[in-house]
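I have placed the structure first, in the form of structure tokens, so that the comments after it can refer back to it.
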Amino acid sequence: MSKKTRSRRAKITLLRFGVISICALAATAWSLRAPSVESLWAQATSTEVPCGSGTGIVLGLSDDWQPVALQQQGVLCAFRNKNGGFPTLNIIQEANPQPSITPGAMAREAAVRNAYHLVGLTDATFSESRLEPLGEQESFHTTVRYMNQNMPMEGLILQVQLPDRLYTASIVDREGHPILSKEALLATLRSIRIPGENGLGRSLSPRLPGLTALVVIGIIAASLLFFGLMTARRRR
């Protein structure tokens, strides 16, 4: 084989490798920036539902969800899966304890962890903590795992901090036995729209103390309620 032929084949091989590499990089970039098919389906099949009365908060929910009346201070709205109870979803409003400070992801994770520990969930572990845009605002996301009556639970938490208040949305499900996929639950969280500084939802006094722990108490109460309902149904 002549040197010219070998050189030509080497160039063709190198060209093919370059094309394949470019295609692979393009596909990877597209998968990172483009929403998944499941996420698009969740958005297409959801309906905007108001959270409470006069809050101005709306979220996109599919027909799998139904509202639940939780008589707890600070709880704006709560929902559950109508086919089995889990997952649960609630949105809680509290006063912003540090209106002049905008904490980073790790500081927010530490505050949420402390709230879980204060109510006795010392086994709670957190991962995937990060900041994401939510409309015109910045939101904090984290994933929590803990045990509830010997059942492993997984929660997805979203927080939005405004100058005078803090909103926390939580979705709790049984870890390893989800009815809805994690991608669908994340799409539900990301569908939440919270009014800005000049919006509605300012009825809560900024001086009201102690609501950080209520965020966790609300999550636990909802989980225990739905767990009890499911256990009672099985006994029947």
Side-chain angles (χ1 to χ4, degrees), residues 35-94 96 108 112 128-144 153-162 164-173 178-204 211 214-223 225-226:
S36 66
V37 173
E38 189 170 7
S39 177
L40 290 173
W41 173 254
Q43 295 174 20
T45 57
S46 64
T47 303
E48 283 197 347
V49 177
C51 174
S53 176
T55 66
I57 300 174
V58 295
L59 60 163
L61 295 180
S62 67
D63 292 337
D64 298 308
W65 298 90
Q66 64 183 27
V68 177
L70 285 181
Q71 301 299 323
Q72 284 189 299
Q73 189 179 31
V75 178
L76 301 180
C77 60
F79 301 87
R80 70 170 183 177
N81 184 274
K82 63 184 180 182
N83 299 313
F86 286 104
T88 66
L89 186 159
N90 61 53
I91 299 178
I92 296 176
Q93 176 181 315
E94 60 182 310
N96 184 358
R108 295 192 186 192
V112 175
E128 304 172 65
S129 298
R130 64 200 181 278
L131 298 175
E132 289 185 9
L134 185 72
E136 298 179 354
Q137 297 155 350
E138 182 181 72
S139 64
F140 166 70
H141 288 256
T142 191
T143 300
V144 59
M153 309 297 295
E154 182 176 74
L156 303 177
I157 298 173
L158 174 147
Q159 282 189 340
V160 174
Q161 176 179 307
L162 298 182
D164 63 338
R165 58 199 185 277
L166 178 69
Y167 293 105
T168 302
S170 305
I171 296 181
V172 178
D173 204 351
I179 294 177
L180 301 176
S181 71
K182 188 172 182 177
E183 180 68 23
L185 298 181
L186 282 172
T188 299
L189 278 182
R190 289 169 177 148
S191 73
I192 295 174
R193 292 293 174 264
I194 295 174
E197 184 175 357
N198 297 321
L200 301 174
R202 304 176 65 90
S203 59
L204 188 65
L211 281 183
L214 283 179
V215 174
V216 182
I217 293 172
I219 297 170
I220 298 171
S223 300
L225 171 64
F226 300 138

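The figures here come from the full heavy-atom set of this structure, side chains too, leaving out hydrogens, waters and symmetry mates.
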Next item on the list: For Leu76 and Ile57, run side chain to side chain contact (heavy atoms under 4.5 Å, CB included): C-alpha distance rounded to whole Å, both residues' side-chain angles, the deciding distance at 0.1 Å, then the answer.
Entry: CA-CA 9 Å; Leu76 301 180; Ile57 300 174; 3.7 Å; yes

Taking every non-hydrogen atom, the tightest pair across [X] and [Y]:
X: Pro87; Y: Leu185; result: CG-CD2, 3.9 Å
X: Leu134; Y: Leu189; result: CD1-O, 4.3 Å
X: Arg130; Y: Leu186; result: NH2-CD2, 4.0 Å
X: Gly52; Y: Cys77; result: N-CB, 3.8 Å

Check: With respect to Tyr167, which candidate in Ile192, Leu162, Ile92 satisfies the side chain to side chain contact (heavy atoms under 4.5 Å, CB included) definition?
Finding: Leu162

Find the distance between [atom1] ([X]) and [atom2] ([Y]) and round it off to the nearest 0.5 Å.
X: Arg80; Y: Asn90; atom1: CZ; atom2: CG; value: 14.0 Å
X: Ile171; Y: Asn81; atom1: CD1; atom2: CG; value: 11.0 Å
X: Thr88; Y: Met153; atom1: OG1; atom2: CE; value: 7.0 Å
X: Asp63; Y: Lys82; atom1: CG; atom2: NZ; value: 5.5 Å

Do [X] and [Y] have side chains that approach each other closer than 4.5 Å (heavy atoms only, starting at C-beta)?
X: Val112; Y: Val144; value: no
X: Leu61; Y: Leu89; value: yes
X: Phe140; Y: Gln161; value: no
X: Asp173; Y: Phe86; value: yes

With sequence neighbours left out, write down each residue that passes side chain to side chain donor-acceptor pair (under 3.5 Å) with [X], or none if nothing qualifies.
X: Asp64; answer: Ser62
X: Glu154; answer: Arg145
X: Ser191; answer: none

Check: Who pairs with Arg193 by salt bridge (charged side-chain N to carboxylate O under 4.0 Å, His left out), at least two apart in sequence or on another chain?
Finding: none

Next item on the list: Carefully, step by step, assess Ile194 and Ile91 under the rule side chain to side chain contact (heavy atoms under 4.5 Å, CB included).
Entry: CA-CA 11 Å; Ile194 295 174; Ile91 299 178; 5.9 Å; no

Checklist line | Donor-acceptor under 3.5 Å (Ser139 side chain, Glu132 main chain) | finding: yes

Next item on the list: Output, in order, the C-alpha distance, side-chain angles, deciding distance and verdict of side chain to side chain contact (heavy atoms under 4.5 Å, CB included) for Thr143 and Lys182.
Entry: CA-CA 11 Å; Thr143 300; Lys182 188 172 182 177; 4.0 Å; yes

Notebook entry, point to check: Taking it one step at a time, do Leu180 and Trp65 satisfy side chain to side chain contact (heavy atoms under 4.5 Å, CB included)?
Noted result: CA-CA 11 Å; Leu180 301 176; Trp65 298 90; 4.1 Å; yes

Note to self: Enumerate the salt bridge (charged side-chain N to carboxylate O under 4.0 Å, His left out) contacts for residues 135-144, please, sequence neighbours excluded, ordered by first and then second residue.
What the structure shows: Arg108-Glu138

